[in-house]
Protein chains: 2
Amino acid sequence: MLKEKNGDVAPIRAAVANEDGIDFTLIELFFFAYRDFTSDPDQMLADYGFGRAHHRVLHFVNRRPGLTVAELLDVLKITKQSLARVLKQLIDTGHIVQLQGPRDRRQRELYPTARGRELALALSRPQSRRIHGALTEMKGEGRKAIEQFLKAMVNPELRVQIDDDPLHRMEEDRE
Amino acid sequence: MLKEKNGDVAPIRAAVANEDGIDFTLIELFFFAYRDFTSDPDQMLADYGFGRAHHRVLHFVNRRPGLTVAELLDVLKITKQSLARVLKQLIDTGHIVQLQGPRDRRQRELYPTARGRELALALSRPQSRRIHGALTEMKGEGRKAIEQFLKAMVNPELRVQIDDDPLHRMEEDRE
DNA sequence: CAGAATACGTCAATAGTGCTGACTTAATTG
DNA sequence: CAATTAAGTCAGCACTATTGACGTATTCTG
């Protein structure tokens, strides 16, 4: 019984391989890709004293102007308290405005201002450039495949949010 | 001059469109995909009192056993202080061990223990399953395309890290 | 060999994002 | 009118990450 109280502490010297049926290569690439994907806007946001959360809120308010606070929480999958600080800052800095819901006056519809629209576009520009560059680099009819792949990575029960996507509604023109 | 001190606060009611040449659809999909990609391991980690950072450290120590602290910092692109707590916890719980560098005794080579290896595999399993499922769903010769795309999303100067990938070295067998 | 540089560890303070739980206000619904 | 709902807010906590500073052991360099 020469073991440590925390169990066997012998070093394993062999690297994990795909033997276990686990695709470590793609797991790792997904991590690197997302890290760099978010790095450009992150740097810009720092100038405003904002973080990644501000970008996400700004993004969805620009994508679906007039969405309510509850809808935004549902899309972001965060709590009301997490959203509160971020949203308040965006309102105080004149990037987002709230309008009382026309049907239900308890609701607050969220809209971007001109400033908020501009910032959202500025933040997304380098991300779109990166995506476009990557699609070009990989050649082929890539985009369709990438879109299918990314969509398939999302939890099935959450894909409704994606189908709510205004652009998709235009393309698919359902109902 | 009826403007607010913070500028024009008039709501913009139109959703941003691709007109601006920005691929909001893929930007959004990338966000959703990554969020769900990390959700499975995040839930497991909570049982150990660990976070996403622990997973990343565990991942790379398993992928490149014997890497030094400095190398790990370089791969993760975080600071020494950010790594410190996380690494200490993983060592204290017997998931990782440190060995003094054989050539340079200042260095600490990091290795997974049996426990650390098991946890890394357990965490990666649902991620790999999700990726595999998505590749199947999209049909075609997908995997190659996805790998090319994700790699192309990474900052060019950082792709050396990916080429250091042990699995890649096996496949490409350069030198 | 002495001094500089390096690898690592650690201390203190701070920021950003997220969480839970509890409570208030206003408006709608039954 | 009572119950429910939408939103806002308060207090407290956890995790990840940051910067700056300092100490120690080891290696490298002139």
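Order of the sequence lines fixes the chain letters, A, B, ..., with proteins taken first and strands second; residue numbering starts at 1 for each chain.
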Answer yes or no: does a side-chain N or O of [X] lie under 4.0 Å from OP1 or OP2 of [N]?
| X | N | result |
| --- | --- | --- |
| B:R105 | D:dT27 | yes |
| B:R108 | D:dA25 | no |
| B:H54 | D:dT16 | yes |
| B:S82 | D:dT18 | yes |
| A:R35 | D:dT16 | no |

Query raised in the report: Where the side chain of B:A70 is defined as all heavy atoms beyond and including C-beta, which of C:dC8, D:dT18, C:dT17 is the nearest nucleotide?
Result: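 Comparing C:dC8, D:dT18, C:dT17 against the side chain of B:A70, the answer is C:dC8.
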Query raised in the report: Among D:dA6, C:dC19, D:dT26, which nucleotide sits nearest the side chain of A:T79?
Result: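 Of the options given, the side chain of A:T79 lies nearest C:dC19.
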Whole-Å gap separating [atom2] ([N]) and [atom1] ([X]):
| X | N | atom1 | atom2 | result |
| --- | --- | --- | --- | --- |
| A:L83 | D:dC10 | CG | C1' | 16 Å |
| B:L76 | D:dC15 | CG | P | 18 Å |
| B:R103 | D:dT26 | CZ | C1' | 15 Å |
| B:K88 | D:dC15 | NZ | P | 15 Å |
| B:L72 | D:dA17 | CG | P | 11 Å |
| B:Q100 | C:dG9 | CD | P | 11 Å |
| A:D47 | C:dG16 | CG | C1' | 16 Å |
| A:L90 | D:dG8 | CG | P | 13 Å |

Query raised in the report: Of B:Q89 and B:K80, whose closest DNA chain D nucleotide lies nearer the 5' terminus?
Result: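 Result: B:Q89.
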Query raised in the report: Pick the nucleotide of DNA chain D nearest each of A:Q81 and B:R106; which residue has the one closer to the 5' end?
Result: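 So the residue in question is A:Q81.
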Query raised in the report: Under the 3.5 Å rule, do the base of C:dG18 and the side chain of A:R85 count as making a donor-acceptor pair?
Result: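 For A:R85, whose side chain was compared with the base of C:dG18, there is a donor-acceptor pair (under 3.5 Å).
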Query raised in the report: Do B:F30 and A:F149 have ring centres separated by under 6.0 Å?
Result: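 They do not qualify: ring centres at least 6.0 Å apart.
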Report task. May I ask you to check whether over 12 heavy atoms, not counting those of B:Q43, lie within 6.0 Å of atom CD? Result ->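 Not more than 12 within 6.0 Å, no.
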Query - Toward the 5' end of DNA chain C, by each residue's nearest nucleotide, A:F50 or A:D104 - result: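 Mapping each residue to its closest nucleotide by heavy atoms, the 5'-most match is A:F50.
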**Report entry** Ring geometry between B:F24 and A:H59 (parallel below 30°, tilted from 30 to 60°, perpendicular above 60°)
**Finding:**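 Ring orientation, 0 to 90° scale: tilted.
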Query raised in the report: Parallel under 30°, tilted from 30 to 60°, perpendicular over 60°: which one fits the rings of B:Y48 and B:H95?
Result: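 Taking B:H95 first and then B:Y48, their aromatic rings stand perpendicular (interplane angle over 60°).
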Query raised in the report: In Å, rounded to the nearest 0.5 Å, how long is the span from CG of A:D42 to NE2 of A:H55?
Result: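 Here the interatomic distance stands at 9.0 Å.
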Report task. Looking at every strand, decide which applies to A:Q98 at a 4.0 Å heavy-atom threshold: base, sugar-phosphate, or nothing. Result ->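 Sugar-phosphate, backbone atoms only, no base.
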